[in-house]
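For reference, the structure is listed below as structure tokens.
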2 protein chains.
Amino acid sequence: MEAVQDLPPGTAPGLRTKSQLQRRRRILQAAAALASRGGVEAMQMRTVAERAGVALGTLYRYFPSKMDLVVAVVGEELDMLESSIARRPPAAATPDGRAVDVLMRATRGLMREPELADALIRALILADVELPFGDRMAGLLVRVAGLSDGRATEEQGVLAASLGAVWVQELLEMLRGRRTYEDIQRRIEIAASRLLAEFPTSRVE
Amino acid sequence: MEAVQDLPPGTAPGLRTKSQLQRRRRILQAAAALASRGGVEAMQMRTVAERAGVALGTLYRYFPSKMDLVVAVVGEELDMLESSIARRPPAAATPDGRAVDVLMRATRGLMREPELADALIRALILADVELPFGDRMAGLLVRVAGLSDGRATEEQGVLAASLGAVWVQELLEMLRGRRTYEDIQRRIEIAASRLLAEFPTSRVE
DNA sequence: ACCGAAGTTAGAACGGATTCTACTAAGTGT
DNA sequence: ACACTTAGTAGAATCCGTTCTAACTTCGGT
């Protein structure tokens with residue numbers, strides 16, 4: 001948990017050779033594939049290593065713990081969400097509408113692989129690691145809500161983070177079978193309308 | 001072999017003899033004590049059993065998994081919070097003020113035993129178990145916000161649950177060392193003012 | 001007082017994450 | 001090419017949650 005010196009925990013900084021990048025990719029791919037079947041429990045470190053054609057020790061060199069691995073997988077998913085949003089930005093007229101749009105798009109994405117989603121969300125919450133997940137999601141929401149990109153006020157940041165928290169909670173409830181997609185949509189809309197509607201200062205469409 | 005029907009997983013229903021109640025109490029106490037030191041990892045099932053003067057198998061008979069044990073410990077903490085609130089209800093004038101009051105009181109309580117808090121929160125979020133935690137906290141907030149006790153509208157429920165989600169998230173951040181008590185207070189106030197201020201019926205200001 | 005069911009106990013056994021060891025392969029500077 | 005640090009491999013070993021076993025108690029009913 002401590003001595004993580006220069007290995008790539010997050011995205012992929014100092015990987016020297018090409019074969020290392022490929023190893024990393026193979027590992028992440030194997031992990032995601034396994035998780036999207038049986039969930040966390042199917043994604044066993046031995047199995048991931050084997051499936052990635054890598055020794056167990058090597059797997060642990062790349063990802064010091066199972067959590068780190070899961071966090072990395074989540075990071076990739078987030079990348080995909082962000083690029084999807086860049087490709088087709090939310091069109092709703094109001095800030096809260098756009099935020100709901102993004103969150104529900106992410107929800108649909110996760111629902112496609114419920115086992116994976118379950119593993120990811122739980123690991124995220126558990127992680128001791130530096131995970132810019134909340135921050136990243138909040139930043140995404142702030143941006144998407146159409147607020148001044150660079151200079152969101154603290155209040156805006158707090159509100160976006162709050163909406164993110166609510167979303168995560170609802171996802172968890174869904175994974176526990178206590179919410180349907182429609183439930184989540186309705187509830188997120190309610191929360192978003194309170195949290196994000198008409199920001200104090202600037203620009204409304 | 002299968003039909004293990006009425007063992008006390010949750011609170012404490014059908015415990016026959018007095019000695020069983022005492023065993024249960026000793027177990028919970030040992031668990032809480034251990035967790036309030038080294039956190040989850042210090043609260044090992046073998047250690048709990050030993051410290052409670054009970055065989056490992058017995059521990060597992062009372063609490064079928066570590067999670068169940070943690071959930072039970074949390075339940076006790078919640079009991080204490082609720083009775084504390086009954087004893088000295090929040091005095092603020094507005095619904096959101098009262099909610100903030102309750103949440104910050106709970107926060108202070110948890111801060112007193114950070115390791116315990118950490119273990120509990122994480123386990124709770126992870127738990128597959130039926131845990132009326134979110135519901136219980138949301139119900140508490142609804143009640144405390146001074147809304148019609150029995151007949152909170154769906155919207156009110158959603159908003160209270162949302163505030164609960166935000167609070168849990170902030171607690172997690174605090175346990176990760178990324179928030180101070182003051183941070184949390186400020187952020188919860190911001191979220192609460194949006195989520196709970198001026199419920200349909202009673203408008204202030 | 002006795003029987004059978006359910007509760008306890010000490011301890012072994014199992015499974016999966018993580019760590020450790022001893023060894024081999026690859027890359028780098030000279 | 002040569003020494004050397006670094007990365008990778010196979011597999012044993014360790015740790016902890018959980019399950020299983022076999023014998024011992026406790027308790028309620030008769």
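What you see is a predicted model; the values in this text were computed from it and never measured. No hydrogens, no waters, no symmetry mates; every other heavy atom, side chains included, goes into these values.
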Quick one: [X] [atom1] to [N] [atom2], roughly how many Å, whole number?
X	N	atom1	atom2	answer
B:F63	D:dT19	CZ	P	15 Å
B:L21	C:dG7	CG	P	14 Å
A:K18	C:dA26	NZ	C1'	17 Å
A:R61	C:dT18	CZ	P	17 Å
A:R23	C:dG27	CZ	C1'	13 Å
A:Y62	C:dA17	OH	P	21 Å
A:R26	D:dG8	CZ	C1'	11 Å
A:Y60	D:dT14	OH	P	17 Å

Task: Exercise: identify the closest heavy-atom pair between A:F63 and A:R24 - done: CE2-NH2, 3.8 Å
Task: Shortest non-hydrogen contact between B:R187 and A:A161, atoms and distance - done: NH2-CB, 3.6 Å
Task: B:R98 side chain vs B:A92 backbone, donor-acceptor pair below 3.5 Å - done: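 Here the side-chain-to-backbone pair exists.
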Open item on the list: Main chain of A:A52, side chain of A:R26: is a donor-acceptor contact present, judged purely on distance under 3.5 Å?
Closed with: yes
Open item on the list: Do B:W167 and B:T107 make a side-chain contact, defined as non-hydrogen atoms from C-beta onward lying under 4.5 Å apart?
Closed with: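 Yes. Closest side-chain heavy atoms under 4.5 Å.
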Task: Any A:V166 side-chain heavy atom under 4.5 Å of B:V158 side chain - done: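 Not touching, per the 4.5 Å side-chain cut-off.
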TODO: Taking only the side-chain nitrogens and oxygens of A:Q20, find out if one of them lies under 4.0 Å from OP1 or OP2 of C:dG27.
DONE: no
- [ ] Answer yes or no: does a side-chain N or O of B:T58 lie under 4.0 Å from OP1 or OP2 of C:dG7?
- [x] no
- [ ] Just report the end-to-end axis angle for the helix from C:dA1-D:dT30 to C:dT30-D:dA1, five pairs per end, to 10 degrees.
- [x]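 The angle separating the two end axes equals 20°.
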Open item on the list: Between the side chains of B:R136 and B:D79, is the shortest nitrogen-to-carboxylate-oxygen separation below 4.0 Å, so that they form an ion pair?
Closed with: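 Salt bridge between B:D79 and B:R136, a charged N being under 4.0 Å from a carboxylate O: yes.
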Open item on the list: Take a 6.0 Å sphere around CZ of A:R108 and say whether it holds more than 12 heavy atoms from other residues, nucleotides or ligands.
Closed with: yes
Task: A:R105 versus A:S84, side-chain donor and acceptor atoms under 3.5 Å - done: yes
Task: Close approaches to DNA chain C from residues 36-57 of chain A, in residue order (heavy atom, under 4.0 Å) - done: A:M43, A:Q44, A:M45, A:R46, A:L56
